[in-house]
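What follows is a short report on a single structure.
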There are 2 protein chains.
Amino acid sequence: MSAEFMTDAHQNILEIVRVMQDTLRKSDRKVAAVILADPSRFLSATVAETAMIANVSQPTVIRFCAAIGCSGFQDFRLRLAQALALGTPATHSVLLESDGPATVFDKIFDYTITSLDWARNRIDKETLSHAVEMLVAAKGIEFFGFGASGIVAQDAQQKFPLFGIPCGAQTDAHQQIMTASLMGPGQVAVVISNTGSTRSIIEIADLARGTGAKVIGLIGNTSPLMAHCDVTILIETLDNTDVYTPTISRIAALTVIDVLSTAVAMRRDPAQRTRIAAMKQQLRDLRSA
Amino acid sequence: MSAEFMTDAHQNILEIVRVMQDTLRKSDRKVAAVILADPSRFLSATVAETAMIANVSQPTVIRFCAAIGCSGFQDFRLRLAQALALGTPATHSVLLESDGPATVFDKIFDYTITSLDWARNRIDKETLSHAVEMLVAAKGIEFFGFGASGIVAQDAQQKFPLFGIPCGAQTDAHQQIMTASLMGPGQVAVVISNTGSTRSIIEIADLARGTGAKVIGLIGNTSPLMAHCDVTILIETLDNTDVYTPTISRIAALTVIDVLSTAVAMRRDPAQRTRIAAMKQQLRDLRSA
DNA sequence: ATCTTTTCAGTAGCATAATTACAGGAATTC
DNA sequence: GAATTCCTGTAATTATGCTACTGAAAAGAT
C-alpha cells in the first residue's frame with residue numbers, strides 16, 4: 001500500500017491523522033491528540049474552540065489542517081463528518097498483532113463498509129443494465145466460480161430460481177467443463193472470479209461462448225478474463241492480499257448478486273411474486289416458534 | 001414510519017429534504033430542488049454560492065436550513081457531508097416497481113452499507129471475544145446452516161482451515177445430524193441461522209452439546225435457538241422480509257465470520273503464516289497472467 | 001561554545017462568510 | 001376591498017476563518 005494512497009482525498013481523515021501523528025509539529029500533535037480522543041466533539045467546534053481545547057493558538061489549528069492535507073478548517077470538518085458518518089471512531093484499518101477481538105471486529109467492519117462504498121462508486125451501471133437485460137431474457141443460467149467465488153455462485157443459484165429462472169452453480173472443475181460445454185443459445189453463463197486470471201475459468205467462459213450461450217463476467221480486477229465475456233461487471237474493491245486481510249471481494253460480489261437478482265425479478269412477470277409468497281409461508285411452517 | 005422519526009437528527013438529511021420538499025415555502029423549494037439535483041456540489045459551497053445557484057437571496061438559504069431542522073447553514077453542510085459519506089445521493093430506500101437497474105443498484109448498496117453499520121453498532125463484543133477463545137482452543141470446528149446460512153457455513157469452512165484448524169460445513173439435514181452426533185469434547189459447533197427458530201437447527205445444537213462439544217450460535221434474531229447455545233453472537237440487521245428485499249443478514253454474518261477467523265488466526269501460532277504464504281503462492285501459479 | 005540558519009508558534013489584523021433586523025410586497029382572509 | 005399574515009429581498013452586524021508578521025526556539029556550522 002503506497003504512501004500516496006494514505007493521503008488520498010477519499011481516505012478516512014481520522015486514519016490520516018492517526019498515521020501522520022508522529023510526523024507532525026509538536027503543537028500540531030496536541031491538536032491531533034485531542035481530536036483522536038473524542039472526534040465527534042469537533043464536529044460543531046470552531047477554530048477558536050478547537051484551539052482552546054488543544055491549548056494552542058488558532059493559527060496552529062489552521063496549520064494543523066494544512067499539515068494533514070486539508071485545504072482549510074472547513075474542509076477538515078467536512079471530512080471529519082464523513083469519517084464519523086461511516087461510524088469509525090478512531091479505528092485503524094491496519095491490523096496489529098496486539099489487537100484484541102473487539103478491535104479486530106471494529107477494523108474489519110470499518111474496512112468492509114468502506115470497501116463496499118468504494119465498489120459502489122466505481123461500478124459501471126450501464127454494463128449492469130446490460131447484464132440485467134441478458135438475464136431477463138435467459139432461458140437458463142449457470143454460475144461458475146472457484147473458492148470464494150464458488151460461494152458467490154452458490155448464493156446466486158439460491159436466489160435466482162426464486163424468480164422463476166432455472167439455474168445451477170458449478171464449483172467443481174470437471175462439473176464446470178461438462179456443464180459449460182452443454183449450454184446453448186438462449187442460456188447465460190455467469191463466470192465469477194476475483195482475480196480474473198485463473199486459467200480454468202477463462203476456459204469455461206470460452207467453452208460456454210462456443211455453444212452460443214452468452215457470458216457475463218463478475219470480476220474483481222482488470223484482467224484477461226474480461227476479453228472472454230460478452231459483458232463484464234467490474235467490482236473494484238480495496239482488497240489488499242495480506243495474510244490477515246479478509247477477502248472483501250466476495251462481499252461486494254454478493255451484493256451485486258443481490259442487485260442483479262432483484263432487478264431481474266422486478267422485470268419479470270409479477271405473478272412470480274405470489275408464488276414466492278407461498279414458498280416463504282412454507283418456510284415459516286418449518287419453524288417452531 | 002412516524003413523523004418524529006423523519007425529523008430525527010440522525011436521519012439522512014437528503015431524505016428529510018426530499019420528504020419535506022412539498023411543505024416548504026416557494027423559495028425554499030428552489031433551494032431544495034438544486035440541492036437534490038446535485039448534492040455533492042454543495043459540500044464546499046458557501047451561503048452566497050448556494051443562493052446564487054438557487055436564484056434566491058442569502059437569507060432564504062438560511063431560512064431553508066432552519067425549515068428542514070438544521071440549526072444553521074454550517075449544521076446543514078455537516079449533515080449533508082454525513083449523508084453523502086454513506087453514499088446515498090437522494091435515493092429512497094424502498095424499491096419501487098418503476099426503478100431501473102441503476103436505481104436498484106444504488107438502493108441495495110445503500111441499504112447494505114447502512115445495515116452493516118447497524119449491525120456493527122449492535123453486536124456484543126464480549127460474547128465475540130468468548131467465541132474467539134472457544135475457537136482458538138478448539139481441536140475441530142463444524143459449521144451448520146441451511147439455505148443462505150448454509151452459504152455462510154461453507155464460507156467459514158473455506159476460511160478457517162487456512163489457519164490450521166480442521167473444520168467442516170454441513171448444509172444437508174441428514175449430514176448435519178450425523179456429524180453433530182459424532183462430535184465430542186474439545187470440538188466446537190457453530191450453528192448459523194438468521195431466524196434462530198428453524199426447528200432442525202435447534203436439534204443440531206442439542207445433539208452437538210450432548211456429545212460434550214461446545215456450541216456457538218450466529219443468529220440474526222432474538223430467538224429460541226439462543227437458549228441451546230453456549231455462546232450466542234446476535235447479528236442484528238435491518239432485514240425486512242419483503243419479497244424484493246435482499247437478505248442482508250448473510251452479508252453481516254459473513255463479515256462476522258471474517259472477524260472470527262481473523263481474530264482466531266492472530267491468536268494462534270505465527271508459524272501458520274508462512275504456510276499460508278506458501279499456499280497463496282501455489283494459488284498464484286494456477287493463474288495465467 | 002558561539003554564531004547563523006531554519007523552523008516553529010503566537011499576536012494582531014484582515015477578509016470573508018454567516019446571521020440578524022428591517023421593510024416592501026404578495027398572498028390570504030374576513 | 002381592507003386588513004392581516006406570511007414571504008422574500010436589501011442592508012447592516014457579527015463572528016469566523018485565515019494571513020502577515022514577529023519573536024522565540026531548535027538545529028547546524030564554524
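Bear in mind that the values here come from a model prediction, so they are computed numbers and not experimental data.
- Atoms CZ (R29(B)) and C1' (dC6(D)) sit 14 Å apart, rounded to a whole Å.
- Phosphate proximity of dA9(C) to R25(A): present, with a side-chain N or O under 4.0 Å from OP1 or OP2.
- The distance from atom CD of Q58(A) to atom C1' of dC14(C) is 14 Å, rounded to the nearest whole Å.
- Put simply, the side chain of R63(B) and the base of dG9(D) share a donor and an acceptor less than 3.5 Å apart.
- Closest approach of A263(A) and P101(B) over heavy atoms only: CB-CA, 4.4 Å.
- Between M52(A) atom CE and dG17(D) atom P the separation is 14 Å, expressed in whole Å.
- In this structure, NZ of K26(B) is placed 13 Å from C1' of dT28(C), rounded to the nearest angstrom.
- Counting heavy atoms from C-beta outward, C70(A) and I13(A) have side chains that approach closer than 4.5 Å.
- Distance CD1 (I62(B)) to P (dT19(C)): 4 Å, rounded to an integer number of Å.
- No donor-acceptor pair closer than 3.5 Å links the side chain of R250(A) to the backbone N or O of N194(A).
- Looking at R77(B), its side chain does come within 3.5 Å of a backbone N or O of A45(B) through a donor-acceptor pair.
- No more than 12 heavy-atom neighbours from other residues, nucleotides or ligands sit within 6.0 angstrom of CD on E126(A).
- Distance, F64(B) CZ to dT19(C) P: 14 Å, rounded to whole Å.
- An OP1 or OP2 oxygen of dC8(C) is reached within less than 4.0 angstrom by no side-chain nitrogen or oxygen of T60(A).
- Between L78(B) atom CG and dT16(D) atom P the separation is 15 Å, expressed in whole Å.
- Taking every side-chain heavy atom of S57(A) into account, dG10(C) is the closest of dA18(C), dG10(C), dC18(D).
- The phosphate of dA17(C) (OP1 or OP2) has no side-chain N or O of T46(B) nearer than 4.0 angstrom.
- Nearest nucleotide to the P59(A) side chain, out of dA18(C), dT19(D), dG17(D): dT19(D).
- The CD-P distance, from Q74(A) to dA15(D), rounds to 17 Å in whole Å.
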